[in-house]
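Keep in mind the model is a prediction, meaning the values are calculated, not measured. Letters A, B, ... mirror the listed sequences (proteins, then strands); counts begin at 1.
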Amino acid sequence: MNTDELQLYREELKCNFKLLDEVFEDCLEEALRLLSEQGVKDYLDGASLVCMIGRGVEPVLVYLEEMPEIAHRLGEETLKIVSQAVWSMSRSPNGKAIISFLQSLPEAARRLGSREQFQHYLDIVFDMMERTSGSIHGFHTTIPSPGLPDLLEQMPSLLNQLSLEGLKNWIEYGIRNYNDHPERQQDYFKLQTADSRAMLQRERHGTLFADHQRKLDLYLQACWRDKDHLVPYSRGFDELRKPMPYYDNLGIRVPDVYDDIETADGVKVAALDRYRALLAHMAAHRRWTTSIFADNYSPFQRQAIETFEDSRVDYLACQQYPGLRKIFTALHPVPDEFDCDPENESCIRHRLTMLSYAVLNPAHPYKNPQIVEFAKRFHEMMQQGAPTTADIAKLATQFITRTRQKADLTANVYFKDTEIDYRDDNRHLWLYIEMADEEEMFLEEKPQEPEEPEDEGLPPRHYPEWDYHSKTYRPDWVSLYESLHPSGDPGDIDKLLAKHSALAKRLKQMLDMLKPQNYVRIRYQEDGSELDLDVAIRSLIDFKSGTTPDPRINMSHRHDGRDISVMLLLDLSASLEETPEGCEQTILQLSQEAVALLSWAIERLGDPFAIAGFSSNTRHEVRYQHIKGYSEHWNDEVKARLACLEAGYSTRMGAALRHAAHYLANQKTDKKLLLVLTDGEPADIDVNDQRLLIEDTRKAVQELDQQGIYTYCINLDSNIEPGADDYVTEIFGKQYMVIDHVERLPEKLPTLFASLTK
Amino acid sequence: MSNIDIAQHEITAEPFYQQQENEIALYEAAYAARLPVIIKGPTGCGKSRFVEYMAWKLHKPLITVACNEDMTASDLVGRFLLDKDGTRWQDGPLTTAARIGAICYLDEIVEARQDTTVVIHPLTDHRRTLPLDKKGELVKAHPDFQLVISYNPGYQSLMKDLKQSTKQRFVGLDFDYAPAEVEIGIIVEETGVDEDTAGKLVKIGETARNLKGHGLDEGISTRLLVYAASLINQGIRPADACRMALVRPITDDADIRSTLDHAIDTVFV
Ligand SMILES: Nc1ncnc2c1ncn2[C@@H]1O[C@H](COP(=O)(O)OP(=O)(O)OP(=O)(O)O)[C@@H](O)[C@H]1O
Ligand SMILES: [Mg+2]
């Protein structure tokens with residue numbers, strides 16, 4: 001994108017914070033990649049609205065960063081919905097909660113997975129907000145909701161444990177019981193009261209779709225060679241019509257949560273298998289059902305056709321996977337044969353459900369001769385040939401004709417035990433004559449699949465950050481921008497090395513000591529570098545004694561013991577510009593020398609090795625600068641980058657560690673070592689709570705450990721007393737060294753490396 | 001070379017091989033023209049069995065070499081050994097095959113290092129010769145000699161691929177797991193399980209093959225299906241046999257295991 005274009009877009013965003021200019025381009029690029037033209041327009045309008053509320057740059061930043069992804073996932077309407085929501089929140093006394101509200105959205109989008117669900121989520125939040133904001137003696141609402149900020153803080157963790165319905169119930173309880181006690185309300189929504197936790201426990205039941213999505217995708221793929229978007233819906237909202245599973249052009253709709261169930265006679269069906277049964281049924285429709293015209297049939301006939309067709313595809317599915325029958329049977333209701341009164345109730349659903357059960361389960365309890373007869377005819381038809389949807393529709397209409405009852409048409413419909421849990425609503429089964437033409441047009445205009453995003457430049461990468469308060473990750477909290485470090489004059493580095501030539505000489509001796517130990521002798525080589533005397537003598541004896549001697553009397557060496565790759569991560573924050581007491585150079589200059597020597601040493605050893613620097617300016621901008629990659633040698637280009645190290649900004653270490661680790665993790669060596677060179681504790685200007693980034697970094701080190709990466713910190717902080725309990729120990733455990741005489745860093749660093757990797 | 005025991009390389013009993021398409025005729029044509037053949041296909045789909053069968057059908061001895069990364073050119077061509085009268089040359093399997101007119105089958109050729117692979121070049125073009133540098137001999141291949149190599153495209157990585165100059169010396173046959181009906185026949189014939197059981201095994205095989213590229217690098221091979229059938233023959237519950245032979249070996253991914261376990265439970269009831 002050229003600057004003119006960028007400028008045009010920038011003008012559409014009516015918001016004049018300086019900080020925006022720095023991130024705008026990246027956000028816009030992401031928006032252009034993920035959104036339609038109209039979407040980008042709505043996006044910029046939305047951001048302008050968020051700016052207008054006058055709550056500073058932060059809400060705008062969050063909106064700009066998070067919305068493209070959310071709109072891409074849930075539809076572009078969300079752009080407006082969210083900015084309007086922010087607007088109305090800002091008109092309430094709850095403006096303070098706006099940022100937390102915006103920050104809860106990415107996780108909500110991810111967990112909830114559809115626009116309807118997302119809308120429900122917003123409704124829940126606003127309902128809570130309105131009901132808990134206070135008014136004094138009937139004046140306008142002026143007192144902000146005490147619990148809202150706490151609720152929003154907890155939201156990511158709540159969404160990970162509850163279905164939307166569960167969330168609603170949990171919040172409802174808090175509102176109802178603590179609306180008059182601001183403090184206790186806060187405690188409730190902070191999850192700090194016993195009843196709050198107990199309620200959470202109660203609502204946390206069942207198997208959430210979001211936790212098993214991959215298994216279900218795999219199930220469709222493995223057993224049905226089928227693939228589609230699985231979109232969850234919630235059953236806790238529509239009071240009028242209970243939503244049912246269905247599929248259409250946009251995907252397959254499934255409930256967001258299922259419980260394990262047990263039938264009256266003790267058969268258990270795990271929630272996961274309920275999902276699979278549902279998918280099996282729909283996949284069977286997708287494979288075997290051909291739509292037919294609805295116009296020729298009466299409503300009853302349609303109902304019967306749906307049931308018979310359901311039975312047909314179930315039958316075929318069970319042919320493929322006989323074990324499904326057990327699950328289907330367990331999930332299928334068994335209406336009481338004599339419970340429906342045909343004189344006064346419409347028994348149509350009752351009859352059809354009985355028939356469906358009789359077809360599924362040969363051991364059904366029904367005596368009704370028509371049910372028995374049609375179940376038999378159904379099976380004969382299935383066994384004789386391969387009846388189609390249209391064929392089975394004939395049987396269905398005959399069933400209706402033969403079983404007609406006086407009261408069928410009354411409005412008093414018998415519903416009990418007639419809902420079949422694992423079946424969809426069959427909307428795909430019907431074609432309508434009037435609509436047929438339109439349908440075709442619609443198909444032609446089918447919106448184009450968004451094209452695969454092109455990989456241009458380096459878009460920001462998002463990393464989570466650990467929040468020790470709530471013991472959860474804040475997902476995608478930090479934006480990290482990777483770039484190539486600018487270059488200076490490689491000659492400068494050579495001069496530094498020359499200055500340390502005496503040290504280099506000593507290092508060289510040390511490295512040579514390191515090397516041979518790490519060579520492995522390979523014996524029994526036909527061609528090798530040296531004669532292996534033991535084997536040679538043995539062969540000679542064999543030879544003299546007349547047996548066939550082994551010709552493999554040589555040996556060679558292999559560079560094998562050092563199967564290690566190394567990543568050196570340099571803290572480039574502003575404090576590096578300081579000159580420590582008793583030194584003539586800044587820490588940065590000393591680091592530069594140390595890194596130059598270390599690189600030279602590692603190059604000699606031949607270990608894969610990379611260098612990067614990092615600094616940060618709030619969570620929206622962690623800079624990660626590439627200095628040396630694994631495929632690059634210690635050459636002039638790398639030296640040039642090292643030559644112009646510059647320090648600035650703060651030290652958000654967790655994200656940098658995570659990013660460095662993702663490169664290191666790709667290395668195929670046995671051992672992976674991440675060295676962090678830093679002069680102080682993690683900190684950033686947008687974080688007041690000192691512990692937060694310390695805890696996050698500690699968490700990052702643990703994550704790395706799980707990936708088999710050994711993290712080691714070289715600390716230049718002169719305030720640290722060796723052995724004392726301090727942040728370094730907390731973060732790195734025993735894996736650190738404090739260099740007290742910083743001026744000796746150039747000497748210490750390579751030695752340290754050598755001893756670490758001996 | 002009078003001292004080579006040709007008989008040990010001959011295949012006397014007819015191996016069971018179930019043709020999938022027309023590969024037997026294609027191979028016969030390639031053999032008639034003495035063209036080297038490369039057989040590509042996933043693991044355990046019958047490549048080795050096919051070559052064995054063709055050697056039997058053509059009445060030619062078969063020499064098979066399983067390639068590995070430590071293999072050197074000498075392992076193929078031969079080397080000098082010491083004996084009490086001095087040194088003695090020992091032919092490698094490739095040289096032996098070239099001398100006696102055998103079919104030489106290099107299994108999983110990509111495993112071998114590239115400098116090893118190039119020794120086959122002169123044998124695979126119009127020269128049909130094999131220079132034994134150390135011995136100073138140029139072996140002219142016997143008119144019946146033919147080279148066959150196998151190759152599993154699934155394992156391809158940047159590090160392990162055949163050079164173009166190697167690839168372009170062969171005619172190729174693509175193998176894959178047999179269609180269901182044929183594969184059922186293979187399992188029945190190999191193990192004696194009933195057709196219904198074999199059908200269910202193949203069904204489970206299919207579900208796993210559907211996951212290729214969705215978390216599995218390879219599906220379940222015919223070989224593993226045969227193993228599962230053999231376990232069932234030992235009296236083990238089919239579902240257990242399937243878990244042991246079909247799921248445990250191929251993946252540690254919990255989601256995939258759960259999916260395959262479910263497939264097994266709904267296929268074998
Ligand atoms: N067409 C076939 N006819 C008979 N048996 C077959 C056939 N295909 C596969 N098999 C069975 O599968 C087993 C494995 O086949 P084979 O050893 O030939 O596999 P492969 O393709 O050479 O595998 P790899 O690449 O792992 O060496 C055989 O032992 C046999 O039981
Ligand atoms: Mg083989």
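Counting heavy-atom neighbours within 6.0 Å of Glu21(B) CD, excluding the residue itself, gives a total of 12 or less. With a 6.0 Å radius and a threshold of 12 heavy atoms from other residues, nucleotides or ligands, Gln319(A) has its CD atom above the threshold. The environment of His662(A) atom NE2 is dense: over 12 non-hydrogen atoms of other residues, nucleotides or ligands sit within 6.0 angstrom. No more than 12 heavy atoms of other residues, nucleotides or ligands sit less than 6.0 Å from atom NE2 of His633(A). Few gaps surround CZ on Arg248(B); more than 12 heavy atoms of other groups in view lie less than 6.0 Å from it. Residue Phe268(B) qualifies as enclosed at atom CZ: its count of foreign heavy atoms under 6.0 Å is above 12. Enclosure of atom CD in Gln383(A) by more than 12 non-hydrogen atoms of other residues, nucleotides or ligands within 6.0 angstrom is indicated.
Residues Phe80(B) and Pro551(A) approach most closely at O-CB, 3.9 Å, considering heavy atoms. Considering all non-hydrogen atoms of both residues, Ala222(A) and Thr259(B) come closest at CB-CG2, 3.9 Å.
Note that the CG atom of Asn210(B) and the NZ atom of Lys227(A) stand 12.0 Å from one another [nearest 0.5 Å]. Atom-to-atom distance recorded for Asp253(B):CG and Leu218(A):CG is 7.0 Å, nearest 0.5 angstrom. Rounded to the nearest 0.5 angstrom, Cys223(A) SG and Leu260(B) CG are separated by 8.0 Å. The line from CG of Asp217(A) to CG of Asp255(B) is 10.0 Å long, rounded to the nearest 0.5 Å. Remark: Tyr219(A) OH to Thr207(B) OG1 distance equals 10.0 Å, nearest 0.5 Å. Atoms NZ and CD1, on Lys215(A) and Ile256(B) in that order, are 11.5 Å from each other to the nearest 0.5 Å.
Comparing Arg325(A), Arg276(A), His212(A) by heavy-atom pairs within less than 4.5 Å of chain B, the highest count is held by Arg276(A).
Leu216(A) does not touch chain B: none of its heavy atoms, backbone or side chain, sits under 4.5 Å away.
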Report task. Check the pair Arg214(A) / Ser258(B) against side-chain hydrogen bond (donor to acceptor under 3.5 Å, both in side chains), numbers first and verdict last. Result -> CA-CA 11 Å; Arg214(A) 176 158 182 265; Ser258(B) 156; over 6 Å; no
